[in-house]
Structure formats: structure tokens, C-alpha cells
Amino acid sequence: MEDEALADIADRLYAGPLDDFVASRAAAAKEVARQDKGLAAAVRGLPKPSVAAWALNMLARHRPDVLDALGDLGARMRAAQESLDAPALRELGRERRTMLADAVDTARSVAREQGRSISDAMASDVEETLRALTADAGAANAVGSGRLLKVLSADGVNDVDLDGAVALPGLLPAAPSNRPAGTPSSAPKAQAATAAKKRTTPEPASQPKPTRPRLEAVRQTPRPASPPALEKAKAALAEAQSAEEEAVRLAGELQDQEEQARTEIAELQQETVELRSRLKAAEDSLERSRKKLAATSAEAKQAARAADKASRTAVLAQERVLRLRSN
């Protein structure tokens with residue numbers, strides 16, 4: 001019952017806002033201390049997650065379908081690695097790159113909805129952890145728990161290090177094996193080896209065997225890598241080759257974009273020269289028009305004054321004519 005109570009409290013804490021974690025943890029411990037001091041101490045010992053781990057916990061609780069899809073992809077990739085299916089690994093690698101990008105975008109969105117944005121560096125940590133999820137069933141189990149404490153990393157060969165990665169690891173459901181379904185287990189071989197070591201009856205004494213130089217040379221020759229290690233190495237090689245092909249393709253696209261950008265820059269520079277030339281011509285024309293306007297304005301004022309003077313002269317002449325007629 002205490003384990004269930006602790007798991008319930010942990011689930012509430014790791015589902016809440018990151019900035020409120022410490023205060024919520026203290027309040028939860030205080031609440032249960034009246035009935036169970038041991039439980040209160042266990043609650044106070046729950047670690048605060050990193051920002052990236054918190055974002056992944058939010059993704060696990062609000063968009064578990066994203067993690068389920070990546071987990072399914074990881075199972076398919078491990079099956080392809082086991083069968084050394086290089087074409088399938090390359091195709092699944094491309095699919096994983098697309099799914100990881102979409103998953104990181106979703107994690108950013110969910111984090112914003114929960115009141116906190118994550119930086120580009122944190123987004124890279126989120127992507128690295130989700131990549132580990134696809135490589136290791138234990139990592140998938142840890143991320144899906146919603147109690148992740150730190151980011152995870154996978155090298156493609158060894159199991160993901162989950163030490164200290166999740167709160168209350170002993171209360172999580174058992175993770176499925178990384179071995180694809182239908183793969184023969186190595187347990188019978190291990191049991192046979194153990195049984196052989198336990199034999200205590202000495203073999204009957206035998207006469208010294210003659211020296212066999214060729215046999216001794218064969219025995220001294222280093223043994224080839226064990227099948228599991230060789231398969232993992234081949235799978236890692238196939239994935240590396242897939243990544244190389246994708247990198248070459250991306251480099252080619254970027255080179256094409258660079259050349260296109262250079263062409264556009266050259267065209268824009270030429271257009272800029274032409275526009276500057278047109279601007280200079282327009283400025284010269286504007287200056288000439290301003291000068292012409294000034295001259296025309298002066299002439300118009302002079303003509304207006306002359307017209308006013310002529311009008312006054314005409315009025316005076318008319319008045320004189322009228323006076324002369326009246327006499």
C-alpha cells in the first residue's frame with residue numbers, strides 16, 4: 001500500500017508544473033507525515049527533473065500516442081537489426097528522422113501549453129532521448145513512465161544507461177526485452193555452461209598427446225567476434241551508412257541551395273546597380289523639375305504683377321474717358 005501511495009504522489013508531482021515541483025513536493029510530504037513518516041521521507045527524496053525530462057514527462061502524459069508510435073518504430077528497427085536487413089534499416093532511419101522532428105515539435109507545443117517554453121538546446125536533449133527510446137525497450141519504458149529525471153543517450157550498440165534516469169524505478173512495470181519476438185534465447189547456452197562448470201568428477205587420466213603445431217596455431221588464432229556482437233556491429237554499420245547517405249543527400253541539397261543563393265545575389269546586385277542608375281536619373285530629373293518650377297513660379301508672379309498693373313491702368317483710363325464724356 002505504501003508503494004502505491006508513493007507512486008500516486010510521484011505521478012501527481014511529475015505531472016505538475018516544473019516551477020512548482022519543490023513546493024508541491026514539500027506540501028505532499030507534510031500532508032502524509034501525520035500518518036506515515038517513512039512515506040513522507042520517501043516523498044521528500046523524489047528528485048526534481050531537468051527541464052528536458054519535464055518536457056518529455058508532459059509529452060508522455062498529454063500525447064502518449066507520440067511515444068507509442070516511436071516505440072513501435074524502435075521495435076521494427078531492432079527486428080531489422082537482428083535480421084541484418086540493411087535496406088529496411090535505411091528506410092526506417094529516414095522514417096525515424098521525420099518522426100523525431102515531429103515529436104520534438106509536439107513536445108515544444110505541449111510544454112508551451114503547460115506554461116513553459118524549451119530552448120533549442122533543451123529540444124536537442126529531447127530529441128536525443130527520443131532517439132534512445134527507439135533504440136532500447138528499457139529507455140522506452142522509462143520515458144513512457146512520465147517520471148523521467150534526466151535525458152537519455154544511445155550509442156547504437158550498448159544498452160541505454162538508465163541509472164538514476166527515472167523516479168521510483170522499482171515501481172515501474174517490467175520493460176520488454178530488446179530482443180525481437182521469435183529470437184532464440186541464450187539462456188539454454190548459459191545454463192549448459194553453468195552446468196559444465198559445476199561438474200566435479202575428473203576426467204580419466206590420459207596419455208600425453210603428441211604435439212600438433214597446426215592445431216596449436218589454430219588455437220592461438222584470435223576467435224572471431226561472437227554472433228550477437230557481430231550482428232550489432234553490422235546493424236550499427238548499416239545505420240551509419242544510412243546516415244552517411246542522408247548526409248551526402250543533404251549536403252548536395254545545401255550545395256544546390258548555395259548555388260541558387262549565389263545566383264540570386266548576383267541578379268539582385270545587378271538589379272541594384274540598375275535601380276541606383278534609375279534613381280540617379282530620377283533625382284537629376286527631379287532637381288531639374290524643381291529648378292524649372294522655381295523659375296516658372298517667379299515668372300508667374302511677375303506676370304501676375306504686370307497683369308495687376310495693367311488692370312489698374314485700364315481702370316484709370318476708363319475713369320478718364322467717363323470724365324471727358326461728362327464734360
Side-chain angles (χ1 to χ4, degrees), residues 1-71 74 103-104 106-119 121-123 125-134 136-154 159-178:
M1 292 298 294
E2 182 177 327
D3 287 346
E4 293 180 4
L6 180 59
D8 289 341
I9 294 172
D11 286 339
R12 291 198 302 270
L13 291 176
Y14 291 110
L18 182 62
D19 294 337
D20 298 342
F21 182 87
V22 174
S24 299
R25 180 180 59 189
K30 182 178 180 181
E31 181 180 354
V32 300
R34 303 184 187 92
Q35 292 81 22
D36 192 332
K37 295 188 180 299
L39 178 58
V43 171
R44 284 193 292 270
L46 292 172
K48 181 179 179 179
S50 68
V51 178
W54 172 83
L56 286 160
N57 290 338
M58 295 302 100
L59 186 64
R61 296 182 183 279
H62 297 280
R63 289 297 305 275
D65 57 300
V66 174
L67 301 185
D68 290 343
L70 286 172
V104 171
T106 303
R108 280 180 178 271
S109 177
V110 170
R112 282 194 299 268
E113 291 172 359
Q114 300 306 312
R116 182 163 188 153
S117 297
I118 57 175
S119 65
M122 294 300 100
D125 288 340
V126 168
E127 180 176 0
E128 182 64 21
T129 301
L130 294 175
R131 188 184 303 276
L133 178 157
T134 65
D136 186 277
N141 197 40
V143 177
S145 71
R147 302 179 202 157
L148 196 67
L149 299 177
K150 65 180 185 179
V151 298
L152 305 178
S153 180
D159 291 340
V160 175
D161 182 10
L162 299 177
D163 186 25
V166 64
L168 308 179
L171 301 183
L172 295 181
S177 171
N178 281 330

Under a 3.5 Å distance rule, please check whether R25 uses its side chain to pair with a backbone N or O of L13 as donor and acceptor.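 Here the side-chain-to-backbone pair does not exist.
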Inset, instruction - Kindly say whether G16 contributes a backbone atom to a donor-acceptor pair with the side chain of W54 at under 3.5 angstrom? - result: yes
Is there a side-chain contact between [X] and [Y] in this structure, where contact means two heavy atoms from C-beta onward sitting under 4.5 Å apart?
X: E31; Y: V43; answer: no
X: Y14; Y: P47; answer: yes
X: L148; Y: T129; answer: yes
X: F21; Y: P49; answer: yes
X: E113; Y: H62; answer: no
X: K48; Y: L18; answer: yes

Which atoms form the tightest heavy-atom contact between [X] and [Y], and what is the distance?
X: G146; Y: R61; value: O-NH2, 3.1 Å
X: A60; Y: G144; value: CB-O, 4.2 Å
X: D3; Y: L171; value: O-CD1, 3.5 Å
X: V66; Y: A103; value: CG1-CB, 3.6 Å
X: N141; Y: L172; value: ND2-CB, 4.3 Å
X: V166; Y: S145; value: CG2-OG, 3.4 Å

Would you give the length of the straight line joining atom [atom1] of [X] to atom [atom2] of [Y], rounded to the nearest 0.5 angstrom?
X: N57; Y: R147; atom1: CG; atom2: CZ; result: 10.0 Å
X: I118; Y: L56; atom1: CD1; atom2: CG; result: 8.0 Å
X: L168; Y: L6; atom1: CG; atom2: CG; result: 4.5 Å
X: L130; Y: L67; atom1: CG; atom2: CG; result: 6.5 Å
X: S153; Y: D136; atom1: OG; atom2: CG; result: 11.5 Å
X: T106; Y: M58; atom1: OG1; atom2: CE; result: 15.0 Å

_Within a 6.0 Å radius of atom NZ on K37, are there more than 12 heavy atoms belonging to other residues, nucleotides or ligands?_
no
Those residues at least two apart in sequence (or on a different chain) that pass salt bridge (Lys or Arg N to Asp or Glu O under 4.0 Å) with R44 are none
